[in-house]
2 protein chains.
Amino acid sequence: MDEDNSLASGALIEDNPGEIGELDGVLGFHIRLAHGAVYRHFSETFAGLGLTQKQVSVLWLVADLPGIAQIELGSRLQMDRATTMTIVNRLQERGYLRRERSESDGRKQSLYLTEAGEGALVEAKGCISQHEAWLKSRFSEEEIEKLVEMLARIHE
Amino acid sequence: MDEDNSLASGALIEDNPGEIGELDGVLGFHIRLAHGAVYRHFSETFAGLGLTQKQVSVLWLVADLPGIAQIELGSRLQMDRATTMTIVNRLQERGYLRRERSESDGRKQSLYLTEAGEGALVEAKGCISQHEAWLKSRFSEEEIEKLVEMLARIHE
DNA sequence: CCTATTTGTTAGTAAAGCATACAATTTGGC
DNA sequence: GCCAAATTGTATGCTTTACTAACAAATAGG
């Protein structure tokens, strides 16, 4: 069959802008060692809600920026338009999100949370709190701050 | 279509045994923050070689344990038999790996590196060195040790 | 006003990973 | 020694994810 040279562009850092520093919101971390020894902690936190991390991210972002356009949403979460479509579609089908044509620009869809969507986000944030409690049971506040600070340094 | 409740079992920790502590071999790390702000560094290190991390892991493991059975290899890298098959197949097609029926157990395939496979692994290790140099340009040795130590604590 | 760009949408594609089914082999109870 | 059960490898097909390409509607700019 085909080869699986499926790795990305080879760029060492693939990141996005945004603010670091809020302890509030650490979802997990993940280190790869060589030899396949993958040590990680992933918050599969949202499994109980039937939500993926990406979906929660979308809800969260729409809550922060009501009326955000799909293209802007996708860009902030590093998804292309097609991928954004499928995620927004599913959230809409579940009744968590609604679309409206933007008045100022008829090409754009303005996204808003429904009440159900707000409820789901509240639940998701509850899951994050649980996860953070777990994190804090293992690491001191200084350690986590140090970790976040180190991450910030990656992007300098 | 179907829902995308594709998350794993909900287990908070999904890990594997193995030794931590060798600075030698840190391939990258990756922290997820809420709200979709994903800060990470992944070593797309092997892209230039046309190898994925999993493939390198397989080569590495076979080099360490010549004659290892597919099932054992897959288990150590947390892949099921089918996934292991495809990866081993591709590496074999490229001439990096060869299979032999185990003499002691006719069900098993014993895996060995070819010379080409050893060469590829050497190259891959070179890439890791480069990556580590990058890491060390940003973090002190104590910081990395601290990081690895923190990871170890996750699994206690 | 006409062309180029942007945005959303759909459809098709490729890769990763999994479950299932099956064959060959080994193991264990009798 | 014999037969059922378990193990291992293999092939097939499915699901999920994410991408590209093609297209339509709307906007922007000369």
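Letters A, B, ... are given to chains in the order of the sequence lines, protein chains preceding strands, and every chain is numbered from 1. Side chains included, hydrogens not; waters and symmetry mates left out as well; all remaining heavy atoms used.
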- Does B:Gln70 make a side-chain N or O approach to OP1 or OP2 of D:dT7 shorter than 4.0 Å? no

- Between D:dT27, C:dA19, D:dT10, which nucleotide has the shortest distance from any of its atoms to the side chain of B:Arg101? D:dT10

- How is B:Asp80 classified with respect to the nucleic acid when contacts are heavy atoms under 4.0 Å: base, sugar-phosphate, or nothing? base

- Residue-phosphate contact under 4.0 Å: B:Thr83 side-chain N/O, C:dA16 OP1/OP2: no

- Taking atom P of C:dT9 as reference, at what distance in whole Å does atom CD of A:Gln109 sit? 4 Å

- Item | B:Glu93 CD to D:dT10 P, straight-line distance once rounded to whole Å | 12 Å

- Message: OP1 or OP2 of C:dG17 versus the side-chain N and O atoms of B:Lys54: is any pair under 4.0 Å?
- Response: yes

- Item | Interatomic distance where NZ belongs to A:Lys108 and C1' belongs to C:dT7 [whole Å] | 9 Å

- Message: So, OP1 or OP2 of C:dT9: does either fall under 4.0 Å of a side-chain N or O from A:Arg99?
- Response: yes

- Note on the structure: Atom CD of A:Gln55 and atom C1' of D:dT16 are separated, to the nearest Å, by 12 Å

- Task: Write down the distance between CD1 (A:Ile87) and P (D:dT17), rounded to a whole number of angstrom.
- Result: 8 Å

- Message: Need to verify one output field. Residue with the more 5' nearest nucleotide on DNA chain D, A:Ala82 or A:Gly106?
- Response: A:Ala82

- Item | Of the listed nucleotides C:dT10, C:dT6, D:dT17, the one nearest the side chain of A:Met85 | C:dT10

- Donor/acceptor link under 3.5 angstrom from A:Arg81 side chain onto base of C:dG8: yes

- Message: How close do B:Ala69 and B:Lys108 get, counting heavy atoms only, and between which atoms?
- Response: CB-CD, 3.8 Å

- Please determine if a side-chain N or O atom of B:Arg90 lies less than 4.0 Å away from the OP1 or OP2 oxygen of C:dA16. yes

- For the pair B:Gln70 and B:Met85, evaluate side chain to side chain contact (heavy atoms under 4.5 Å, CB included) and give the outcome as yes or no after the intermediate values. CA-CA 8 Å; B:Gln70 266 186 211; B:Met85 264 292 298; 3.9 Å; yes

- B:Leu113 vs B:Leu97 side-chain heavy atoms within contact, under 4.5 Å: yes

- Query: Salt-bridged, B:Arg76 to B:Glu72, with N to O below 4.0 Å?
  - Reply: yes

- Can you tell me how far C1' of C:dT27 sits from CD1 of B:Ile71, to the nearest Å? 16 Å

- Query: For A:Tyr96, which of A:Val58, A:Leu121, A:Leu51 qualifies under side chain to side chain contact (heavy atoms under 4.5 Å, CB included)?
  - Reply: A:Leu51

- Message: Using whole Å, what does the distance between atom P of nucleotide D:dT7 and atom CG of B:Asp105 come to?
- Response: 12 Å

